[in-house]
Structure formats: structure tokens, C-alpha cells
> 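This structure is in C-alpha cells; I'll ask about it shortly.
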Number of protein chains: 2
Amino acid sequence: MNPFLRKLALRANLDDGDVAALGAATSDVAQVEAGRDLVSEGVRPDAAYVILDGFACRYKLVPDGGRSILAYLVPGDGCDLHASLLNRAIHSVATLTPCTVASIPYRTIKGLAALRPNIYRALWWSVLVDEAVLQEWLVGVGRRSADKQVAHIICELFARLNAVGLGLEPEYRLPLAQSELADTAGLSNVHLSRVLADLRRAGLIESGRKSVRVPNLARLQEFSGFTPDYLLLPGRDPAVEALGALPQMTGQVRAASGP
Amino acid sequence: MNPFLRKLALRANLDDGDVAALGAATSDVAQVEAGRDLVSEGVRPDAAYVILDGFACRYKLVPDGGRSILAYLVPGDGCDLHASLLNRAIHSVATLTPCTVASIPYRTIKGLAALRPNIYRALWWSVLVDEAVLQEWLVGVGRRSADKQVAHIICELFARLNAVGLGLEPEYRLPLAQSELADTAGLSNVHLSRVLADLRRAGLIESGRKSVRVPNLARLQEFSGFTPDYLLLPGRDPAVEALGALPQMTGQVRAASGP
DNA sequence: CGATTATTTGACCAGCTTCAAACAGTGTGG
DNA sequence: CCACACTGTTTGAAGCTGGTCAAATAATCG
């Protein structure tokens with residue numbers, strides 16, 4: 001069971017047919033080296049991608065040459081499965097580490113969406129989560145101090161990794177470079193280095209070249225004020241309705257896909 | 001034809017039945033005074049709302065008492081039509097001016113979505129636009145100077161108003177207070193006042209109490225580097241696929257609603 | 001008119017950026 | 001295996017941007 005399946009299973013009950021269909025859809029797998037664009041802003045991608053292993057990010061370049069990271073993609077995350085509507089990517093996606101990537105032709109997504117209401121629901125759910133994460137980042141950049149914001153981002157990544165059963169063992173490490181965190185938090189590399197030094201001094205993290213380790217996640221969460229509510233994770237999260245009540249906007253699709 | 005219809009018509013071809021159904025759905029109209037919450041974070045709303053006249057915003061309160069504005073809602077915009085999945089609002093929505101608001105019970109939305117594929121598609125499209133706008137704001141807060149960022153936000157609002165045929169006549173005025181722009185841009189009220197003074201001195205805007213006027217939109221766009229690409233407006237925007245190609249993820253829904 | 005809300009202005013300071021240089025790992029070719 | 005280049009991180013110094021505090025001004029409302 002790959003991380004993509006595990007992620008979708010958080011949002012909807014997948015039956016054997018769903019699992020088989022998703023397994024087939026993600027069977028076209030490739031290794032991609034670190035630092036490669038999977039999708040380039042302005043270009044029409046020919047397929048959607050799902051990260052099965054490694055880290056990637058969505059980003060935009062700004063006129064002065066800077067980069068703004070809009071989201072991290074961890075194993076299980078897809079890039080723009082829903083954006084098949086668009087003619088042209090409105091942001092780029094790049095690998096941050098070597099990645100195992102499955103590519104899924106748009107027509108396969110279309111087929112899954114039409115025939116597999118559970119999958120369909122889970123995909124749209126993940127769009128809502130993406131939006132909630134963006135909102136939280138916007139709050140962070142605007143209103144949190146640099147150290148708390150960086151800590152918050154790190155906590156969020158661990159919460160998301162945890163949700164797909166990754167990232168916690170053996171040593172709570174993220175393979176992120178400082179320049180990546182800087183482009184996420186809207187800080188300069190130099191200042192981000194100082195912020196990490198402060199967090200290190202406070203014993204909240206350990207960091208090295210392209211690596212951030214969290215010896216005590218609970219302490220970092222407390223420091224940053226992180227709560228996982230907005231990630232809409234099931235079970236632990238009171239915002240999420242019981243799964244049985246989900247089909248609201250898709251009732252007719254379910255009926256249509258019946259025998 | 002109300003602004004909600006006009007907005008949805010940007011995304012999909014609405015037939016007579018669609019228009020009639022939307023008209024009926026938005027017939028429960030109320031006047032709401034300025035500064036009232038339509039939706040409160042943490043509370044389950046009992047209906048979705050559509051702004052027919054006036055300005056509103058989505059916001060979150062942060063622990064230190066500050067407010068972070070996450071989106072502006074202009075006539076035609078709905079608040080969280082898609083969020084009927086959630087048990088509990090993850091942000092609040094408040095009116096900024098007196099508003100005319102239609103409330104739509106969730107089951108009506110469900111019905112429209114199931115029976116009216118054109119409407120369904122248009123609603124999801126607007127979710128993608130919301131996400132694109134959030135991304136652009138995140139870039140702005142992180143990487144744009146205060147004056148350009150504020151100018152960019154103003155340009156965006158005019159572009160969105162323009163798309164539903166509003167806001168340009170008679171005098172290119174927005175009813176925004178400085179504290180609202182400050183909470184959007186992540187700036188203090190004091191500094192925002194100085195930023196507006198700079199823009200005023202440069203002849204790019206005129207501003208008064210709860211009012212920002214733009215005498216020459218093209219100049220402000222040039223100053224801020226604004227391009228409307230990310231708003232995914234049809235026609236003028238090469239990112240948007242021909243409407244006929246839209247049904248991708250909803251093909252089965254269309255079939256289900258047929259005769 | 002007085003009370004309230006919105007905006008402006010000034011003074012001072014903190015946080016962050018920029019520039020510049022040093023430093024430390026990592027990989028590469030001789 | 002070492003020398004060299006390269007990338008990523010650290011550190012210092014100087015300066016700008018924007019925050020905070022405080023008070024003045026202006027518009028709106030009752």
C-alpha cells in the first residue's frame with residue numbers, strides 16, 4: 001500500500017476495486033533526481049504526478065529572481081490532480097530530494113473520478129486541505145514572528161508525514177535546505193540561518209546541511225502554537241464530519257457509477 | 001441577472017434551466033449591516049451565503065488579537081459553497097459594508113450540484129480560483145514590497161469586480177478601510193497609512209475615509225506588476241481551456257443528469 | 001455639540017535585508 | 001588520495017523597512 005493510497009484512505013473508505021484501480025493508475029513510476037522541475041509554470045503538463053517517495057514543492061518565481069514556495073509535497077501528495085482543467089500551469093513543481101514519482105495521464109484521473117466516487121471525493125477533499133494549508137501559511141507570514149513561523153511550518157510537515165505513516169522514524173528528520181525554508185517563510189537565507197541557530201540554541205531543533213531534526217515534537221508544537229485542526233485529519237479532528245456524511249455534492253455521481 | 005449568475009456564467013455555459021434554478025436558489029435574500037459575521041470560526045453554519053451586493057471578507061483571528069484577512073468576497077462570490085463537507089467553519093466571514101446576501105441551504109446546493117452539471121463545474125472552478133488567489137497573496141506577503149503588494153491587491157479586486165461587470169463605474173472606488181488593507185497585507189495600520197500616502201503622492205491612487213479610488217488602473221497595474229493570469233478569467237486568459245473541454249472530472253455527472 | 005471611529009504624523013526601536021567574507025562539508029578530476 | 005571547486009551554512013557590520021507608542025487631526029454619528 002503506497003502513501004498515495006494511504007492518504008486517500010484518510011478521507012474516504014476505499015473498497016477493493018478502488019485500491020486496485022489506484023494501484024494500476026500509479027504503476028507508471030519513475031525516479032527523478034533532486035532539483036528537477038516536474039511541472040513548469042506556463043507550460044501545459046501532459047500528466048499529473050504523485051510523489052511516492054521524497055520531497056517536492058510548488059513554487060512561483062517572482063520578477064526580481066526570488067522564489068516563493070507555495071506548498072510542500074510529501075509522499076502521497078499529488079501535484080494538481082484537479083488542475084487538469086487548466087491549459088497551462090500557474091505555478092511550477094520541483095523535486096527537493098531524489099523522488100519516486102508516479103505519472104497519471106489526465107484521462108486516467110478522469111476515469112477514476114467518474115467511476116470511483118470514493119476516490120473522487122478523496123481528491124476533492126485534498127483540494128480543500130491544500131487551501132486550508134495555504135490559509136495557515138498566509139496567516140503565518142503576515143502575523144507570526146520568524147522563529148514561530150518556521151517552527152510552525154516544521155510542525156505542519158511532521159503532522160502531514162505522520163498522517164501517511166512517515167517521517168517519524170527513526171529520527172524525526174526533514175531533508176530541507178535552509179534556502180527552502182527561507183523561500184517558504186519569506187525570509188532571507190541569512191536571517192533564516194540565524195533563526196535556526198536560535199531554535200537550535202533553545203534545544204527545539206538540531207540542524208545540519210539540508211537537514212532539520214526535531215528531538216521533541218511536542219515542545220516545538222507548544223513553542224509555535226501549532227494545532228493540527230486546519231489539516232482536517234480524520235478521527236482526531238472535530239472539524240471533520242463522519243465519513244458517511246461526505247457524499248453531499250457527489251450523490252449523483254455515486255448513483256451514476258452504479259450497475 | 002445577479003452577479004452570482006454572471007460569475008458562474010464566466011466558467012460554464014448556463015442554459016435556461018440553470019439560470020432558473022440559480023435564480024430560485026438565491027431568492028432568499030437578506031440585508032446585512034456592515035461589520036457583522038456571516039460565519040464564525042468554529043461554528044457549523046446552517047447555510048451557505050452568496051454576496052449579491054456589498055463587500056465581505058474571510059478572516060482568521062490570531063492569538064495575539066490580530067486579524068488576518070484571507071480573501072475578499074465581492075458581489076457574486078459565495079462563502080464556502082464547497083465547505084458543506086466540514087462540521088465546523090475553519091475561518092470566519094464578515095461583511096465589510098452593508099451587504100445584500102442570499103442564503104442557500106446546503107441541501108439546495110447539493111441538489112444543484114447533482115442535477116446541474118454546468119453549475120457544478122462552475123462552483124468547483126471557483127474553488128480553484130480561490131486557491132490561485134491565496135497563492136498570489138502568499139507570494140505578495142513574502143516577496144513584494146509593501147507599496148507594490150497593496151497596489152497589487154487593489155488591482156486584483158478591480159479585475160475581479162470587472163469580471164462581474166462592477167466596480168469600474170462611475171469612479172473606480174473601493175469601500176475599503178485602511179485597517180482592512182493592513183490586515184490583508186500583514187502590515188500595521190500606521191505603516192499602511194504611510195504606504196497609501198506614498199501611492200497618493202505618486203498619483204497612483206486617491207484615498208479617503210473607507211475609500212480608495214484609482215484614477216488610472218493601467219498605471220497602478222504597471223506599478224505593481226499585476227497581471228490577471230492567475231484569476232483564470234475566460235477569454236482574455238490563455239490559461240483557460242475552451243469551455244467545451246471542461247467536463248473532465250464530471251463527465252459521468254453530466255450523463256447522470258440527462259433525460 | 002460631544003463621542004466615536006478613521007486617518008495622519010512624529011519619534012524611536014526591533015527585525016530583517018544586504019553585502020561581504022569566512023567556513024565546512026561534498027563531490028570531482030588529476 | 002589529494003587538490004580544487006562548489007554548494008550550503010555561518011558570521012559580522014551597516015542600513016532600511018516596518019512596528020510600536022503616543023498624540024493630533026478629521027470625519028461621522030447620535
Side-chain angles (χ1 to χ4, degrees), chain A residues 33-36 55 57 62 64-69 94-98 140-151 173-202 205-213, chain B residues 33-36 55 57 62 64-69 94-98 140-151 153-154 173-202 205-213:
Chain A
E33 62 197 339
R36 283 269 308 267
F55 277 63
C57 71
V62 283
D64 71 348
R67 174 179 66 164
S68 187
I69 290 182
T95 54
L96 298 175
T97 66
V141 178
R143 294 273 177 234
R144 266 194 273 268
S145 61
D147 51 357
K148 296 214 161 117
Q149 197 207 341
V150 171
R173 259 185 72 229
L174 298 174
L176 296 179
Q178 293 190 1
S179 61
E180 283 143 17
L181 285 171
D183 288 342
T184 306
L187 299 172
S188 67
N189 288 356
V190 172
H191 193 62
L192 192 110
S193 169
R194 292 191 233 263
V195 167
L196 283 192
D198 289 345
L199 293 174
R200 228 178 301 141
R201 231 165 281 133
I205 66 166
E206 293 159 23
S207 79
R209 193 187 171 85
K210 293 194 185 184
S211 153
V212 178
R213 227 175 71 71
Chain B
E33 62 196 340
R36 283 269 306 269
F55 276 63
C57 71
V62 285
D64 71 347
R67 175 179 65 165
S68 187
I69 291 182
T95 55
L96 298 175
T97 66
V141 178
R143 292 277 177 236
R144 267 193 271 267
S145 62
D147 50 358
K148 295 214 162 118
Q149 195 207 344
V150 171
I153 290 166
I154 294 170
R173 259 186 71 230
L174 297 175
L176 296 179
Q178 293 190 1
S179 61
E180 285 143 14
L181 285 171
D183 288 342
T184 307
L187 300 170
S188 67
N189 288 355
V190 173
H191 192 64
L192 192 111
S193 170
R194 291 192 233 264
V195 167
L196 284 192
D198 289 345
L199 293 174
R200 228 178 300 141
R201 228 165 284 132
I205 65 167
E206 293 159 24
S207 79
R209 193 186 170 84
K210 294 194 184 188
S211 152
V212 178
R213 229 176 71 69

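A note on names: the letters A, B, ... follow the listed sequences, proteins ahead of strands, and every chain is numbered from 1. Worth saying up front: this structure is predicted, and the values here are computed from it rather than measured.
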> Residues two or more places apart in sequence or in another chain: which of them pass side chain to side chain contact (heavy atoms under 4.5 Å, CB included) with Asp147(A)?
Ser145(A), Val195(A), Leu199(A), Phe223(A)
> How does protein contact run along nucleotides 5-13 of chain D, one letter per nucleotide 5' to 3', with B for base contact, S for sugar-phosphate only, - for none, heavy atoms under 4.0 Å?
--BSSBBBB
> Write out all pairs satisfying salt bridge (Lys or Arg N to Asp or Glu O under 4.0 Å) with one or both partners inside residues 175-190 of chain A, taking only residues at least two apart or from two chains.
Arg67(A)-Asp183(A), Asp183(A)-Arg143(B)
> Mind checking what makes side chain to side chain donor-acceptor pair (under 3.5 Å) contact with Ser68(B), not counting sequence neighbours?
none
> Can you find a pair of side-chain heavy atoms, one from Ile205(B) and one from Val150(B), that are under 4.5 Å apart?
no
> Can you name the residues that form a side chain to side chain contact (heavy atoms under 4.5 Å, CB included) with Pro175(A), not counting sequence neighbours?
Phe55(A), Thr97(A)
> Would you tabulate the nitrogen or oxygen pairs shorter than 3.5 Å linking the protein to nucleotides 15-18 of chain D?
from, atom 1, to, atom 2, distance (Å)
dG18(D), OP1, Ala146(B), N, 3.4
dG18(D), OP2, His191(B), NE2, 3.2
dG18(D), O5', His191(B), NE2, 3.4

> Report the residues that fulfil side chain to side chain contact (heavy atoms under 4.5 Å, CB included) with Arg173(B), sequence neighbours left out, ordered by chain and then residue number.
Glu171(B), Ser211(B), Arg213(B)
> Between Leu187(A) and Ala146(A), what is the shortest heavy-atom contact and its length?
CD1-CB, 3.8 Å
> For the residue pair Ala34(A) and Pro98(A), what are the closest heavy atoms and their distance?
CB-N, 3.7 Å
> By side chain to side chain donor-acceptor pair (under 3.5 Å), which residues pair with Asn189(B), not counting sequence neighbours?
none
> The helix from dC1(C)-dG30(D) to dG30(C)-dC1(D): angle between its terminal axes, five pairs each, to 10°?
40°
> With sequence neighbours excluded, give me every salt bridge (Lys or Arg N to Asp or Glu O under 4.0 Å) pair touching residues 188-200 of chain B.
Asp198(B)-Arg201(B)
> Under a criterion of less than 4.0 angstrom to any heavy atom of chain A, what are the 5'-terminal and 3'-terminal contacting nucleotides of DNA chain C?
dC16(C) to dT26(C)
> Pick out which of Thr95(B), Thr184(B), Leu96(B) makes a side chain to side chain contact (heavy atoms under 4.5 Å, CB included) with Cys57(B).
Leu96(B)
